[in-house]
Number of protein chains: 2
Amino acid sequence: MKRRPKDPAAEPLGDLHQHVGYMLRRAQLAVFADFIASQRGSVARPGQFSVLAVIGRNPGITQSQLCAALSVKRANLVAVIDRFEALDLARREASSSDRRANCLRLTSLGQRALQHALDAQDEHEARITRLLGSAGRRTLLKQLAALCELEGPGRAASSSPNTPESLRRESFAI
Amino acid sequence: MKRRPKDPAAEPLGDLHQHVGYMLRRAQLAVFADFIASQRGSVARPGQFSVLAVIGRNPGITQSQLCAALSVKRANLVAVIDRFEALDLARREASSSDRRANCLRLTSLGQRALQHALDAQDEHEARITRLLGSAGRRTLLKQLAALCELEGPGRAASSSPNTPESLRRESFAI
DNA sequence: TATTGTTATACTCTATAACTATA
DNA sequence: TATAGTTATAGAGTATAACAATA
């Protein structure tokens, strides 16, 4: 039997609420908005937060490695790191083993900025837990990880660090 | 007790996998990519699919109503409808009750395009169900709907159709 | 030859302000 | 005054191609 809206005018979106992609997008926007609101005056934007966090956890990581981890195009990371350097949050250092590569490190200011951002993140995440419950949140994370398995061989975290560039997948999303 | 990665190099993303916002974004991109791949040669892109679907279910809906339903800025819908008219998928008709408003309807070509897109959508959604299970998918949809409740008074579907424009929230996402 | 970082560039999506014609 | 549709414009985010230096 088919689902049909009883009163189309009252349900203008029709079945859209049953579409995982649509709801995923709406939820992502709501969560990002809450995240941004929680990051009062901080480095704020979600993408740059991720970059800061990964540098903080992996001091000396190169730009290419960072790009592979976060699925960011090399070309698009440049301006982000430029900005971090301009704000004295991170530094590019010459690699001792490969003179092409830049090793990235947070400055002490950058470390404090990251800690501040992580604290705000905790409150943000707590608001989510309040909405979903602790078990519900864990279930959600598992399901989201499962969904990342769509797109065949591809989400960033899986491709080994020494996959040739031609086969590596950096595409999409900061 | 704190979670710390045993080998930072093996887990470059650190706790990022535990961040709902981050995983939501990754999952959304994977699902959109799968959706787009499923829409072979169609009107394809997710946002325009939603517009087409809402017009199809609500013949005669005005551009403003459509914008309110999908949380799209009025200014940003114009080019989408222009394109639909150019492709002979939809038409703007003068409203009989309000000479400012445009009523939107699908052409017969547009109805066939929508049906084709919905069929492809079904396969896409079936792939998701295969990943999550039927019950898991339903659970996910509920949790995503709950997450949309973040951002206080605001997600599109809730604001009544005759909320004054000044208070209405169209922002974010097509 | 292949990779690293970089520049230049383009396209999509989203946002704001301001105009017009109606209401 | 306020709303509907429109124009113009600006800012993110993401994509590709090509180059110099290095591997």
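Order of the sequence lines fixes the chain letters, A, B, ..., with proteins taken first and strands second; residue numbering starts at 1 for each chain. Basis for what follows: all heavy atoms, side chains included, without hydrogens, waters or symmetry-related copies.
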Output the rounded distance in Å from [atom1] ([X]) to [atom2] ([N]).
{"X": "B:Gln28", "N": "D:dT14", "atom1": "CD", "atom2": "P", "value": "10 Å"}
{"X": "B:Ile61", "N": "D:dG5", "atom1": "CD1", "atom2": "C1'", "value": "15 Å"}
{"X": "B:Arg26", "N": "D:dT14", "atom1": "CZ", "atom2": "P", "value": "10 Å"}
{"X": "A:Ile36", "N": "D:dG11", "atom1": "CD1", "atom2": "C1'", "value": "13 Å"}
{"X": "B:Arg45", "N": "C:dC13", "atom1": "CZ", "atom2": "C1'", "value": "9 Å"}
{"X": "A:Leu77", "N": "D:dG13", "atom1": "CG", "atom2": "C1'", "value": "13 Å"}
{"X": "A:Phe32", "N": "C:dC13", "atom1": "CZ", "atom2": "C1'", "value": "15 Å"}
{"X": "B:Gln48", "N": "C:dT14", "atom1": "CD", "atom2": "P", "value": "11 Å"}

TODO: Name all residues meeting the side-chain hydrogen bond (donor to acceptor under 3.5 Å, both in side chains) criterion together with B:Arg105; count only those two or more places apart in sequence or in a different chain, and write none if there are none.
DONE: B:Glu93
- [ ] Only counting residues at least two apart or in another chain, list the ones meeting side-chain hydrogen bond (donor to acceptor under 3.5 Å, both in side chains) with A:Arg99.
- [x] none
Residues that [X] engages under side chain to side chain contact (heavy atoms under 4.5 Å, CB included), provided they are two or more places apart:
{"X": "A:Ser95", "answer": "A:Ser97, A:Asp98, A:Ala101, A:Cys103"}
{"X": "A:Arg138", "answer": "A:Ser134, A:Ala135"}
{"X": "A:Gln115", "answer": "A:Leu118, A:Asp119"}
{"X": "A:Gln121", "answer": "A:Phe35, A:Gln39, A:Phe49, A:His124, A:Glu125, B:His19"}

TODO: Ignoring the backbone of B:Asp98, work out which of D:dA4, D:dA23, C:dT16 is nearest its side chain.
DONE: D:dA4
Task: Proximity to the side chain of A:Arg25 - top-ranked nucleotide from C:dA23, C:dT14, D:dT16 - done: C:dT14
Pairwise N/O distances under 3.5 Å, protein to nucleotides 5-7 of chain C:
unit_1	atom_1	unit_2	atom_2	d
C:dG5	OP1	A:Gln63	N	3.2
C:dG5	OP1	A:Asn102	N	2.9
C:dG5	OP1	A:Asn102	O	3.4
C:dG5	OP2	A:Ser64	N	2.6
C:dG5	OP2	A:Ser64	OG	2.7
C:dG5	O3'	A:Asn102	ND2	3.2
C:dG5	N7	A:Arg74	NE	3.2
C:dT6	OP1	A:Arg92	NH1	3.2
C:dT6	OP2	A:Gln63	OE1	3.1
C:dT6	OP2	A:Gln63	NE2	2.9
C:dT6	OP2	A:Arg92	NH1	2.6

Open item on the list: When the axes are fitted on five pairs at both termini, how much does the helix from C:dT1-D:dA23 to C:dA23-D:dT1 curve, in 10° steps?
Closed with: 0°
TODO: Taking the side chain as every heavy atom from C-beta outward, state whether B:Val51 and B:Ile81 have any atom pair closer than 4.5 Å.
DONE: yes
- [ ] Could I get the full list of salt bridge (charged side-chain N to carboxylate O under 4.0 Å, His left out) partners for B:Glu123, not counting sequence neighbours?
- [x] none
- [ ] Indicate yes or no: does A:Glu85 engage A:Arg91 in a salt bridge with an N to O separation below 4.0 Å.
- [x] no
